[in-house]
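First up is the structure itself, then whatever we jot down about it.
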Amino acid sequence: MVGIRVNVDNFDEAYELLKERGFRNAYGDETVSTASSKAAMMISPSGFSICIVKHIIEKK
């Protein structure tokens with residue numbers, strides 16, 4: 001499987017944009033969240049995948 005990983009500044013906006021264009025989340029409505037990132041694997045109707053990732057930077 002070949003896919004593209006895209007770092008985004010606004011995860012929710014990118015997620016909704018892809019959903020509006022027919023992509024579905026491979027994890028259902030779940031995301032992979034850690035202390036440093038939030039991600040979702042989005043699959044197009046034709047089977048192409050894009051993983052969107054928001055890196056969380058701790059402000060000091």
Side-chain angles (χ1 to χ4, degrees):
M1 177 180 215
V2 176
I4 294 176
R5 179 180 163 142
V6 178
N7 295 327
V8 297
D9 291 328
N10 187 326
F11 181 87
D12 295 329
E13 183 179 349
Y15 185 84
E16 288 304 318
L17 180 108
L18 291 174
K19 278 182 59 177
E20 290 170 2
R21 285 160 176 78
F23 283 73
R24 65 176 174 78
N25 186 341
Y27 312 125
D29 280 331
E30 299 295 318
T31 59
V32 177
S33 297
T34 67
S36 62
S37 67
K38 181 176 182 180
M41 176 68 71
M42 304 298 288
I43 310 293
S44 75
S46 65
F48 185 76
S49 64
I50 297 177
C51 181
I52 54 174
V53 181
K54 163 71 175 161
H55 291 282
I56 302 165
I57 300 170
E58 183 180 319
K59 296 183 180 183
K60 297 180 180 186

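- To the nearest 0.5 Å, atoms SG (Cys51) and CD1 (Ile4) are separated by 11.0 Å.
- Residue pairs meeting the salt bridge (charged side-chain N to carboxylate O under 4.0 Å, His left out) criterion with at least one member in residues 42-55, sequence neighbours excluded, do not occur.
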Side-chain donor-acceptor pairs under 3.5 Å in residues 35-46, sequence neighbours left out?
residue, atom, partner, partner atom, Å
Ser37, OG, Thr34, OG1, 3.2
Ser44, OG, Ser46, N, 3.3
Ser44, OG, Ser46, OG, 3.0
Ser44, OG, Gly47, N, 3.3
Ser44, OG, Phe48, N, 2.9
Ser44, OG, Phe48, O, 3.4

Show me the donor-acceptor pairs, under 3.5 Å and distance only, between side chains in residues 16-26 and residues at least two apart or in other chains.
residue, atom, partner, partner atom, Å
Arg21, NH1, Leu17, O, 3.3
Asn25, OD1, Tyr27, N, 2.8
Asn25, ND2, Tyr15, OH, 3.3
Asn25, ND2, Gly28, O, 3.2
Asn25, ND2, Glu30, O, 2.8

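- Closest approach of Asn7 to Arg5, counting heavy atoms only: OD1-NE, 4.0 Å.
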